[in-house]
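Report on the structure given below.
In what follows, every heavy atom counts, from backbone to side chain, and hydrogens, waters and symmetry copies are set aside.
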Amino acid sequence: MSPASLTANGVLLAALSLLATRLSCSGGSGHKIPHIASYFGTKTRYEDVNPHLLRDMLAVNTSALKPPSSERCSPVHLSAVIRHGSRYPTVKNIRRIQKLSELVRREASRGSGGWRDEIQNRWEMWYTEDLDGQLAAKGRDDLRYLAQRLATLFPSLLSKENMSGRRIRFVTSSKHRCVSSVEAFQEGLQQHWKQSHELRYSHDVDDELMRFFERCRGYVEGVENNRTALVEVEKFKHGEEMEGVRRRMAERLGLLHHRLTPDLVEAAFFLCSYELAIKSLHSPWCFLFDEDAAKVLEYKSDLKQYWKRSHGHVISSLSSCPLFHHVFRTLDKAGRPRRSTEASPEPASILVGHAETLLPLFSLLGLYKDETPPIASNYNTQHERSFRTSEIVPYAANLLLVLYDCQRGPRLQMLINETPVRFPGLPAEDTPLYRDVRATYRHLLDGCDFYRECEGRSGGRGPNTEL
């Protein structure tokens, strides 16, 4: 356990910060959102996936819970796998942003007012390497708000008594942005229940569970460190669509075409996303991209995630076996009959990790698998694809599994980003019987052995490429 304390002053400051952010996200703030805000892939804001939250970050859709109306049901357990909140760029992207900024200031045509003049003369490079992927203040708010919405949806599970009695289990990746996120989630619960006493954080750090990908030798050697694994990404990066985006951006900036690399094009796109996610700003860099360009850059990001973290290579999804088994063991324990003398199972399990924690698990569950896989040459036929990381794994993305005690037996509902999603193989019901869900995944429950699939534990950490 890693307990830490939050002083009364800290709670007050957190509440004031939350109120300020809630007001800044409301419809009356006059805040203008870039028209490309929903195409930022893994760097998309959660509220741009759920636009109703732009009006009120605490808005809850209770109709999303769908136990069968023909049975009397009550929720008995919530398992939530959550991505960390909005974060600062990593060092790699900070250095690219610095290079882009210097290039534009030094070589771009001089602007005469407007967004180009703002980029060249007024925009300041404020990203420093010490920020390296840390959780932003907005990211803490992402998790505080999520906690309060879930406490509204599940008052009996995320209750004041369960919180104060430490009956809710919190697990996190060791990365600072995840630890800060799980702390913020606990702050959100405390604020929801209007508890004024000193909060002592309580969570387990478990990288074997939340960062399984770096311990799977088959994945690290076969995908992470294998240059041929992402060949489709490289083809698209230097293909016709990306070349068109690069050419148009160079023209708008008055730069020689060859001076603007694909990586610098992407840096400008990410810069637009970071300014929005971290500061709620409509950055002048956003004016470099129209919707068509944003869709191309989103597709490039989706190709990377598909072939690196999802259905592109089977080992990517199989690397999540430890998390898959952990979730189902927790659900089994919560759903089994017990004697009156036995202690009740934990009402909720909150697991905080990364986009690359969620994507392999989604793939293992059979989600977001299109009939035709995305490749470099089929961009024009992929506009209706289900695999869009902007919608699947924005900041604070979440997989919610709600176990109900019903008259015919336990039932399970799945929600992704607080929206109901039906289990593959069980398309007729929102909340099927739990035994039917287990039967659907029987091949994984009986197999999916991490050590066999990954050929033993990796000898060392994989490269630091977390999202």
Side-chain angles (χ1 to χ4, degrees), residues 34 36-51 81-87 89-90 92-93 133 139 142 177-178 213 219 223-224 229-230 232-234 236-237 241-242 245 262 265-267 269-274 276-277 289 291-313 316-317 319-320 353-370 372-376 378-379 381-399 415-419 421 465-467:
I36 59 174
S38 60
Y39 298 106
F40 290 137
T42 60
K43 296 169 180 61
T44 302
R45 299 187 306 173
Y46 190 78
E47 56 267 35
D48 292 316
V49 175
N50 292 290
V81 185
I82 304 171
R83 186 191 178 196
H84 59 75
S86 303
R87 62 158 177 82
T90 56
K92 180 182 75 173
N93 279 326
D142 292 340
R177 57 186 161 276
C178 295
F213 44 88
Y219 170 77
V223 180
E224 184 80 62
L230 301 184
E232 295 299 331
V233 183
E234 287 302 308
F236 190 77
K237 182 177 178 179
E241 291 84 5
M242 277 293 292
V245 173
V265 172
E266 194 170 55
F269 189 59
F270 288 165
L271 188 47
C272 172
S273 76
Y274 288 130
L276 179 64
F289 306 98
E291 190 172 11
D292 287 340
K295 288 179 178 179
V296 170
L297 287 160
E298 180 194 40
Y299 189 71
K300 190 260 184 184
S301 175
D302 287 353
L303 280 176
K304 176 184 174 184
Q305 300 311 325
Y306 183 91
W307 291 97
K308 190 172 186 177
R309 305 289 182 190
S310 186
H311 296 292
H313 301 283
S316 300
S317 59
S319 68
S320 69
H354 308 267
E356 64 268 59
T357 307
L358 280 165
L359 283 173
L361 182 60
F362 286 155
S363 302
L364 193 66
L365 293 172
L367 297 162
Y368 308 113
K369 188 172 186 179
D370 297 298
T372 302
I375 57 176
N378 67 358
Y379 168 72
T381 64
Q382 286 286 319
H383 296 309
E384 300 302 318
R385 67 189 182 279
S386 66
F387 190 84
R388 281 193 61 208
T389 53
S390 301
E391 296 181 352
I392 303 169
V393 281
Y395 294 122
N398 50 83
L399 166 66
L415 299 96
I416 295 177
N417 301 328
E418 300 172 74
T419 299
V421 174
T465 57
E466 64 273 358
L467 304 167

I would like to know whether Phe270 and Phe40 meet ring-ring contact (aromatic ring centres under 6.0 Å, His included); could you show each step before the answer?
CA-CA 7 Å; Phe270 288 165; Phe40 290 137; 8.5 Å; no
Got a donor-acceptor contact below 3.5 angstrom from the [X] side chain to the [Y] backbone?
{"X": "Asn398", "Y": "Val81", "answer": "no"}
{"X": "Glu47", "Y": "Asp142", "answer": "no"}
{"X": "Arg309", "Y": "Ala355", "answer": "no"}
{"X": "His313", "Y": "Val223", "answer": "no"}
{"X": "Tyr379", "Y": "Pro374", "answer": "no"}
{"X": "Tyr39", "Y": "Ala293", "answer": "no"}
{"X": "Ser390", "Y": "Gly41", "answer": "yes"}

Roughly how far apart are [X] [atom1] and [Y] [atom2], rounded to 0.5 Å?
{"X": "Phe362", "Y": "Thr357", "atom1": "CZ", "atom2": "OG1", "result": "10.5 Å"}
{"X": "Glu232", "Y": "Phe236", "atom1": "CD", "atom2": "CZ", "result": "11.0 Å"}
{"X": "Ser316", "Y": "Leu361", "atom1": "OG", "atom2": "CG", "result": "13.0 Å"}
{"X": "Tyr306", "Y": "Thr389", "atom1": "OH", "atom2": "OG1", "result": "13.5 Å"}
{"X": "Leu399", "Y": "Ile392", "atom1": "CG", "atom2": "CD1", "result": "12.0 Å"}
{"X": "Arg388", "Y": "Thr44", "atom1": "CZ", "atom2": "OG1", "result": "8.0 Å"}

Could you tell me whether the side chain of [Y] reaches within less than 4.5 Å of the side chain of [X], counting heavy atoms only?
{"X": "Arg87", "Y": "Tyr274", "answer": "yes"}
{"X": "Val265", "Y": "Phe289", "answer": "yes"}
{"X": "Leu297", "Y": "Met242", "answer": "yes"}
{"X": "His311", "Y": "Ser363", "answer": "yes"}

For the residue pair [X] and [Y], what are the closest heavy atoms and their distance?
{"X": "Tyr395", "Y": "Tyr46", "value": "O-CB, 3.3 Å"}
{"X": "Thr419", "Y": "Asn50", "value": "OG1-OD1, 4.0 Å"}
{"X": "Arg83", "Y": "Thr42", "value": "NH1-O, 2.6 Å"}
{"X": "Pro373", "Y": "Asn378", "value": "O-ND2, 3.0 Å"}
{"X": "Ala37", "Y": "Leu276", "value": "CB-CD2, 3.7 Å"}
{"X": "Ile82", "Y": "Ala396", "value": "CG2-O, 4.2 Å"}

Report the residues that fulfil side-chain contact (heavy atoms from CB on, under 4.5 Å) with Ser386, sequence neighbours left out, ordered by chain and then residue number.
Tyr368, Asp370
side-chain contact (heavy atoms from CB on, under 4.5 Å) filter on Lys92, not counting sequence neighbours, yields Thr90, Arg96
Could you please spell out the steps behind the side chain to side chain contact (heavy atoms under 4.5 Å, CB included) verdict for Cys178 and His84?
CA-CA 5 Å; Cys178 295; His84 59 75; 4.1 Å; yes
Residues Lys43, Glu266: salt bridge by 4.0 Å N-O rule
no
Steps toward side chain to side chain contact (heavy atoms under 4.5 Å, CB included) verdict (Arg385, Thr372):
CA-CA 9 Å; Arg385 67 189 182 279; Thr372 302; over 6 Å; no
Under the side-chain hydrogen bond (donor to acceptor under 3.5 Å, both in side chains) rule, what do Ser38 and Asp48 come out as? Steps first, then yes or no, please.
CA-CA 6 Å; Ser38 60; Asp48 292 316; over 6 Å; no
